[in-house]
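Heads up: the structure comes next, in structure tokens.
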Amino acid sequence: SGGREGCGASHLALAAQLNWQISICQGRMGHWDAALDATNRSIEGFVRLGEKENAGATENLLAEQYDLLGQPERAWKHRVTAFRLLSEAGAWFRLQVALAGVSRDRVRRKDWAAAISILGLEIEISRLADSRTLVADAMLRRARARAALEDVHAAETDISLARTAI
């Protein structure tokens with residue numbers, strides 16, 4: 001049940017973590033109402049604890065769930081909240097993960113201009129996360145998007161930069 005009012009901080013943290021895991025399991029089984037309920041309980045717990053990084057990562061999970069359910073407007077509401085919380089927490093790796101999910105979605109949909117824009121942000125955040133591998137990966141995906149728009153020179157530049165990044 002969702003009644004966690006009397007939990008101490010350690011129990012509240014455990015409940016938030018458990019709800020996160022329950023959400024993932026319920027979603028994998030296609031039990032979306034239960035998954036969304038558990039995700040929201042997890043977010044509430046992390047927010048009460050002031051854990052911006054975990055709250056942001058869980059908001060991103062909720063955004064992904066709404067995407068899977070065909071509710072992109074709701075997904076974006078939670079994605080923007082995730083971006084804000086992860087930025088405030090300085091959680092660059094988790095912010096990169098959230099941006100990568102969006103950029104990959106834009107590539108799959110062949111929304112090349114949006115993909116290139118988001119990939120630019122992803123590359124910068126990957127640098128903040130100090131991950132040359134993530135920088136190179138995002139550059140290669142941006143090269144793919146640029147090639148699809150027939151911007152061969154920019155695509156070749158991204159490929160060259162990806163090689164030097166790793």
Side-chain angles (χ1 to χ4, degrees), residues 2 12-13 15-28 32-146 148-149 154 158 161-162 165-166:
L12 185 58
Q17 287 287 340
L18 285 173
N19 277 310
W20 184 349
Q21 295 301 316
I22 289 167
S23 170
I24 292 168
C25 292
Q26 293 293 339
R28 292 231 167 104
W32 293 109
D33 288 339
L36 293 171
D37 185 49
T39 307
N40 280 305
R41 284 195 315 266
S42 179
I43 292 167
E44 289 168 11
F46 289 134
V47 167
R48 279 185 57 198
L49 290 165
E51 293 187 15
K52 288 183 179 185
E53 181 174 350
N54 284 329
T58 311
E59 285 280 356
N60 189 57
L61 172 62
L62 188 57
E64 291 172 356
Q65 290 169 335
Y66 280 124
D67 272 339
L68 288 170
L69 292 170
Q71 298 181 37
E73 295 84 15
R74 285 182 116 173
W76 271 103
K77 174 185 171 255
H78 292 284
R79 190 166 281 119
V80 168
T81 301
F83 292 163
R84 179 182 53 78
L85 288 168
L86 294 170
S87 295
E88 288 173 0
W92 307 125
F93 178 76
R94 282 184 158 175
L95 180 56
Q96 184 280 332
V97 168
L99 287 167
V102 175
S103 68
R104 284 184 174 93
D105 177 66
R106 293 297 93 192
V107 167
R108 273 191 305 276
R109 294 173 188 270
K110 298 183 180 182
D111 184 354
W112 306 119
I116 290 167
S117 178
I118 293 162
L119 281 159
L121 292 171
E122 185 184 339
I123 289 165
E124 292 308 312
I125 295 301
S126 295
R127 287 185 176 126
L128 288 174
D130 198 28
S131 175
R132 295 182 305 196
T133 304
L134 293 175
V135 170
D137 178 61
M139 286 183 164
L140 291 173
R141 284 184 280 120
R142 187 171 68 181
R144 165 69 177 101
R146 286 179 164 169
L149 291 176
D158 277 345
L161 290 171
I166 49 176

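The shown structure was predicted, so the numbers you read here are calculated from the model rather than taken from an experiment.
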- Message: Walk me through whether Arg41 and Leu18 qualify under side-chain contact (heavy atoms from CB on, under 4.5 Å).
- Response: CA-CA 10 Å; Arg41 284 195 315 266; Leu18 285 173; over 6 Å; no

- Message: What verdict does the side-chain contact (heavy atoms from CB on, under 4.5 Å) test give for Phe93 and Leu86, after you've listed the backbone C-alpha separation in whole Å, the side-chain angles of each residue and the deciding distance to 0.1 Å?
- Response: CA-CA 9 Å; Phe93 178 76; Leu86 294 170; over 6 Å; no

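- The two residues Arg142 and Gly120 have their closest heavy-atom pair at NH1-CA, 3.9 Å.
- With salt bridges taken as basic N to acidic carboxylate O contacts below 4.0 Å, one links Glu124 and Arg127.
- Here the closest non-hydrogen pair linking Trp20 and Ala57 is CH2-CB, 3.9 Å.
- A distance-only check finds no donor-acceptor pair linking the side chain of Ser117 to the backbone of Ala114 [under 3.5 Å].
- Here the OG-CH2 distance, from Ser131 to Trp92, works out to 15.0 Å after rounding to the nearest 0.5 Å.
- Closest of all the heavy-atom pairs between Gly56 and Ala82 is O-CB, 3.2 Å.
- Taking Asp137 as the reference, Arg104, Arg141 meet the salt bridge (charged side-chain N to carboxylate O under 4.0 Å, His left out) condition, with sequence neighbours excluded.
- Here the CG atom belonging to Leu61 is positioned 4.5 Å from the OG1 atom belonging to Thr39, to the nearest 0.5 angstrom.
- Residue Ile118 comes nearest to Leu99 through the heavy atom pair CG2-O, 3.7 Å, listed as atom of the first residue, atom of the second, then distance.
- Nearest heavy atoms, Ala115 versus Ser103: CB-O, 4.3 Å.
- Counting only distance, with no hydrogens or angles, the side chain of Ser42 and the backbone of Ala16 share a donor-acceptor pair below 3.5 Å.
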- Worked check of side-chain contact (heavy atoms from CB on, under 4.5 Å) between Ile22 and Asn19: CA-CA 5 Å; Ile22 289 167; Asn19 277 310; 4.3 Å; yes

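- Listed by chain and number, the residues in a ring pair (Phe, Tyr, Trp, His ring centres under 6.0 Å) with Phe83 amount to none (sequence neighbours excluded).
- Atoms CD1 and CG, from Ile116 and Asp158 in turn, are 8.5 Å apart once rounded to the nearest 0.5 Å.
- Taking the salt bridge (charged side-chain N to carboxylate O under 4.0 Å, His left out) definition, one finds that Arg109 meets it with Asp105, sequence neighbours left out.
- Every salt bridge (charged side-chain N to carboxylate O under 4.0 Å, His left out) that Arg106 has, sequence neighbours left out, goes to Asp111.
- Residues meeting the side-chain hydrogen bond (donor to acceptor under 3.5 Å, both in side chains) test with Arg132, sequence neighbours left out: none.
- Note on ring orientation: taking the six-membered ring where Trp is involved, the planes of Tyr66 and His78 are parallel (angle under 30°, cut-offs 30° and 60°).
- Annotation: side chain of Trp76 is in contact with side chain of Val102 (closest heavy-atom distance under 4.5 Å).
- Note that CG of Leu134 is 4.5 Å distant from OG of Ser126, once rounded to the nearest 0.5 Å.
- With a 4.5 Å cut-off on side-chain heavy atoms, Met139 and Ile123 count as touching.
- A donor-acceptor pair shorter than 3.5 Å can be found between the side chains of Gln65 and Ser23.
- In this structure, the separation between CG on Leu149 and CZ on Arg146 is 9.5 Å, given to the nearest 0.5 Å.
- To the nearest 0.5 angstrom, Asn60 atom CG is 9.0 Å from Leu95 atom CG.
- The environment of Ile166 atom CD1 is sparse: at most 12 non-hydrogen atoms of other residues, nucleotides or ligands sit within 6.0 angstrom.
- Applying the salt bridge (charged side-chain N to carboxylate O under 4.0 Å, His left out) rule to Glu88 yields the partners Lys52, Arg84; only residues at least two apart in sequence or on another chain are considered.
- Look at Glu59 and Arg79 and you find no salt bridge, because none of the NZ, NE, NH1 or NH2 atoms lies under 4.0 Å from a carboxylate O.
- One N or O on the side chain of Thr81 and one on the backbone of Lys77 form a donor-acceptor pair closer than 3.5 Å.
- Under the 4.5 Å side-chain criterion, counting only non-hydrogen atoms from C-beta, Asn54 is in contact with Gln17.
- Taking all atoms of both residues into account, the shortest heavy-atom contact from Asp67 to Pro72 is OD1-CA, 4.0 Å.
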- Assess whether side-chain contact (heavy atoms from CB on, under 4.5 Å) is satisfied between Leu12 and Phe46, documenting all intermediate values. CA-CA 8 Å; Leu12 185 58; Phe46 289 134; over 6 Å; no

